[in-house]
2 protein chains.
Amino acid sequence: MTQFINAKEDLVTEALDGLLATSAGTLSRLDGYPHIKVICRADWDKSKVALISGGGSGHEPAHAEFVGEGVLTAAVCGEVFASPSVDAVLAGILAVTGEPGCLLIVKNYTGDRLNFGLAAERARALGHKVEMVVVADDVALPELPQARGLAGTLFVHKIAGAVAESGGNLDAVAEAAKSVISKCASIGMSLDTCTVPGSEKEDRIAEGHAELGLGIHGEAGVEQVVLANAKSAMAMVLDKLTPHMGQGPVVALLNNLGSTTPLEMSVLAKELMDSPLASNVEFIVGPSLLMTSLDMHGFSVSVMSVSDAEIQSLETPVNLSAWPGVQRRTSVRVDRLPDGLAPVEPIASDNPETRQTILSICDLLIDSESALNTLDAKSGDGDTGSTLATAARSLKGSIDKMPLADLTQLMPALGNELSQTMGGSSGVILAIFFNATGDACARGMPIQKALAEGLSRVCEVGGAELGDRTMVDALHPALDALSTDLSSAAKAARAGADATATITKAKAGRAAYVPGENLMGHNDPGAEAVALVFEGLASGS
Amino acid sequence: MTQFINAKEDLVTEALDGLLATSAGTLSRLDGYPHIKVICRADWDKSKVALISGGGSGHEPAHAEFVGEGVLTAAVCGEVFASPSVDAVLAGILAVTGEPGCLLIVKNYTGDRLNFGLAAERARALGHKVEMVVVADDVALPELPQARGLAGTLFVHKIAGAVAESGGNLDAVAEAAKSVISKCASIGMSLDTCTVPGSEKEDRIAEGHAELGLGIHGEAGVEQVVLANAKSAMAMVLDKLTPHMGQGPVVALLNNLGSTTPLEMSVLAKELMDSPLASNVEFIVGPSLLMTSLDMHGFSVSVMSVSDAEIQSLETPVNLSAWPGVQRRTSVRVDRLPDGLAPVEPIASDNPETRQTILSICDLLIDSESALNTLDAKSGDGDTGSTLATAARSLKGSIDKMPLADLTQLMPALGNELSQTMGGSSGVILAIFFNATGDACARGMPIQKALAEGLSRVCEVGGAELGDRTMVDALHPALDALSTDLSSAAKAARAGADATATITKAKAGRAAYVPGENLMGHNDPGAEAVALVFEGLASGS
């Protein structure tokens, strides 16, 4: 599978270099590439207990992106899904451990336990105070005593990190970590395996199925289940977790295992918060990418009952974009819809001249239906004539409800009528034109100027300019000439409409996608409609 | 394709409800589901200019997750990839716009322009001050004047948001937005299309290829290119962007389009920062999910030359986990490796009794090679005998270099020797055993107790307990009995080793994966080796 990497061998060191290059100097690394890949806080002075975590890569943002004040002091990174060496861990310990000592936070995998464990022994032999805790939060296999370490590790990082940052000694920091480990439980579910760089993706899970209780290294889940929907997915996960929730308030951490979309993660968050199984979940972390498994399309939930002190530690702000913070459950506020959404029904009034103009325009458009459709078929889907004729017929039917005596009222009323009866973008465009014209009338502009203002607003919103092969090419010159007389306007509209037949590169509207040679010699149907209307009005006057 | 959703029709409203449920009361929504989906700041008092953005969903965290103090006041959300209705936009405007007015930030898609545009007209007709800006940052098609709106929209949100939050009036906020729009440029590249919920994924891009210049709605890119690696991918993208970078310092935004792994994004970040085409990039936002296209495996880069005021606006902290902040380019600090990594070479010394014990143990293991291999073949890969014999032969060869007269020195020296010659987890386990034993010796413990302390540390690190069918089952009782005499220890070891033949459920080590019936009747090879050694030492003494 194609990926955005260079050589597979350089993937982790290059990714860490990318992290360093975008960390504004808050991180440093040890000069031990490629074997020793250790990321440290650049501002670390060894005056407090150091927190060191790590393990195989492929779980980003864990672990290197959690290095920072209040969380980890250093991350020791292995190759993808492979434990770092004893020397790499020892280098990390020696680089950041001062007199207060350090705590190693290890996920429960044999390689990590042994390599971190031996490094701890060697550091102790050199006189350092080193404690190690092992996170084993996976509840997928209740009978196996050696549960895997999953995203619950983040609780350990954050809570022990806060205790260390506040000056707690090594015993206090280790105790905080052990307390979290004793209480937290996690389980994952995925729709797909992950793509290990350089390997083919294993196609193990059938459409409509999911794996429940899987690890973060592509290992198979404990069971395959039929996945009905997000609600049942979350119910299955919570069902496994509820026996481990303990008493009192619970914090839940909703982790994106890789490629699950934010939309899906938010739906899962809703199902988590709505579930009767999660009624004592009072705090939530995420949904967020926290402990991933490369590009796995899955999620995990970690839960833990929390003391006041632990929730304070979780809530202590840290300046790390990978940490989404912890949110308290609150009721959701739903505000009522504002007034003013329903268009104000205008009070009908009459003006014979205005009525006659509108009816004439309507008849002109109805009479041109077929001709305009034919023209539109050259550059579009051949319905311009019908769209305009349908709207015109509808407007004729509602002419008696219009405020014909008041142009400031009439213009938006026409706009609202057209946006409801025409549909599509044409209706919205004409609605904008008439609403903006009405707005200009309301500000005292004479109608000719107001119409030009309306057109200008349409151009601004729709992005069309003169010469773009739209109705603007006829309407703009017509409105300009309207200050002289209607006959001039008609001539200007005709000239503008005819000129569109020579524009072979449409820049707006659907004709932009039609080859130029198909457009040559044919007027734009919108511009033609404008010309026909002005010509008709001029000849009738 | 299976996804973590419920009904497709409810996807967006449920996702928004999930966001609301995890936002700790900072967000509210309007009571207009399903047609009106508007997310607002819950703490908004209309005393400043409101910023409203939105558009089709499927671009999360844009736009709803950027609603918060200092960024957006409200987000109007359509269905996936579909513009929200005029009524929805109008509801958003009316809900949050006070006397200072509001700015609509719209991406350049016809539906969004028209619907936001008409809603603006209708809001103006109701007396509100409304301005609208259109973001068109895509440079994929230089000849099309209507460029698409891409992730550069985030620059507009953040910079205009900071100006509004600081009390700028509507003109100032709109001017800030327009200045950003005039300068920013974006382009995307992807290895795959996106999965639209309810639709099959289009398989358009061949292995080893990428699309350059694609939009955020699954529309095809301007060209398909051969993708050599991450470096050339970034070079192609930057090549399109450099003509738009302008003078002075540039900020780059590296956006994950969906399912690109954090590892890949970090490699791309490295290539961006390393590229000679980006030498004037002094600030970077991301890599992060900012303006996604569902689960698209791609990225986009947005660039903009920035004034001091603009960079200040970008840097103003906001309490939104979706905004990763802007980082200044700095040189990366590489710290030299700490001292102490190389094991201290012990000073050789002699003790005839200790020498004889070690040599005897080595010979016993060498003699047992074949028998232990046979036993291991029942539960493992049949190499326990060879592993131990190889290490024993090597240890015999280096016996003259050992500090035999000083147990405190000897124990870690043995551990280091074994970890180097045995390899694998066995070497690490024995290294931990001897290092921890030496640590206990250094603290003044007699050797028998120190050995027990070493074993206890191995159990702790390795996670093995008595009864887990490991060497612990022989070694633990043997060390207990050693305080009596060697003969008792040998008997205890033998009893422990023989008892492992009845343990059919191994809980640690490789045998944990072997069916119980295959283990029945066979001693664990590690425990057997311990028994053989103690028996040999006892009979020889």
Side-chain angles (χ1 to χ4, degrees), chain A residues 2 4-6 14-15 17-22 24-25 28 31-32 42 60 94-95 113-114 117-118 121 124-126 146 191 229-230 259 261-264 266-270 273 284 294-295 321 324 327-328 330 332-338 340 412 425 428 431-432 435-436 439 461 463, chain B residues 2 4-6 14-15 17-22 24-25 28 30-32 42 60 94-95 113-114 117-118 121 124-126 146 191 229-230 259 261-264 266-267 269-270 273 284 294-295 321 324 327-328 330 332-338 340 412 425 428 431-432 435-436 439 461 463:
Chain A
T2 319
F4 292 111
I5 65 175
N6 296 308
E14 290 186 345
D17 282 345
L19 173 63
L20 289 162
T22 56
S28 65
D31 191 12
E60 295 69 24
L94 298 179
R113 287 183 78 132
L114 296 180
L118 179 51
E121 292 301 341
R124 287 184 190 117
L126 294 168
Q146 298 218 27
L191 301 177
N229 52 34
S259 66
T261 58
L263 274 178
E264 293 170 278
S266 288
V267 172
L268 289 166
K270 172 191 178 293
M273 298 304 257
I284 186 156
L294 294 168
D295 61 350
S321 66
Q327 311 298 335
R328 283 169 190 258
T330 53
V332 170
R333 202 175 91 187
V334 180
D335 297 331
R336 72 176 186 81
L337 285 176
S425 47
V428 177
I432 293 172
N435 271 286
D439 188 32
V461 171
Chain B
T2 320
F4 292 111
I5 66 175
N6 297 307
E14 290 187 345
D17 282 345
L19 174 64
L20 288 162
T22 56
S28 66
L30 296 185
D31 191 13
E60 296 68 25
L94 297 179
R113 288 182 78 132
L114 296 180
L118 178 52
E121 292 301 340
R124 289 183 188 118
L126 293 167
Q146 297 218 27
L191 302 177
N229 53 34
S259 66
T261 59
L263 274 178
E264 292 170 278
S266 288
V267 171
K270 173 193 176 293
M273 298 305 257
I284 185 155
L294 295 168
D295 62 349
S321 67
Q327 312 298 334
R328 283 167 191 257
T330 53
V332 170
R333 202 176 88 186
V334 180
D335 296 330
R336 71 176 186 82
L337 286 175
S425 47
V428 177
I432 293 172
N435 271 286
D439 188 32
V461 171

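In this structure, the side chain of A:Glu60 does not engage the main chain of B:Leu263 through any donor-acceptor pair within 3.5 Å. Under the 3.5 Å distance criterion, the side-chain polar atoms of A:Glu264 are matched with a main-chain donor or acceptor of B:Phe4.
Using a 3.5 Å distance cut-off with no hydrogens or angles, the side chains of A:Ser259 and B:Asp295 do not pair a donor with an acceptor.
Using a 4.5 Å cut-off between heavy atoms, B:Thr2 touches chain A through backbone and side chain atoms alike. For A:Thr330, the part sitting under 4.5 Å from any heavy atom of chain B is the side chain, from C-beta outward, and nothing else. Contacts of A:Pro412 with chain B are absent, with no heavy-atom separation under 4.5 Å from either backbone or side chain. Heavy atoms closer than 4.5 Å to chain B are found in the side chain of A:Leu126, but not in its backbone. Of the atoms belonging to A:Val334, heavy atoms from both backbone and side chain fall under 4.5 Å from chain B. With a 4.5 Å cut-off on non-hydrogen atoms, A:Ile284 touches chain B through its side chain but not through its backbone.
Chain A forms the most heavy-atom pairs under 4.5 Å with one residue out of B:Leu294, B:Thr261, B:Asn229, B:Asp335, and that residue is B:Asp335. In terms of non-hydrogen atom pairs under 4.5 Å with chain B, the most contact-rich of A:Gln327, A:Arg113, A:Arg124 is A:Arg113. Contact count versus chain B (heavy atoms, under 4.5 Å) is highest, among A:Pro262, A:Gly340, A:Ser28, for A:Ser28. Interface summary for chain B: among A:Leu191, A:Leu20, A:Asn435, the most heavy-atom pairs under 4.5 angstrom belong to A:Leu191. Chain B forms the most heavy-atom pairs under 4.5 Å with one residue out of A:Arg336, A:Arg328, A:Glu121, and that residue is A:Glu121.
Not a single side chain to side chain donor-acceptor pair (under 3.5 Å) links A:Asp31 to another residue, sequence neighbours left out. Remark: A:Asn6 pairs with A:Glu14, B:Glu271 by the side chain to side chain donor-acceptor pair (under 3.5 Å) rule, at least two apart or across chains.
Rounding to the nearest 0.5 Å gives a distance of 5.5 Å between OG of B:Ser266 and CG of A:Leu19.
Between B:Ile432 and A:Gly117, the shortest heavy-atom distance links the atoms CD1-C, 4.0 Å.
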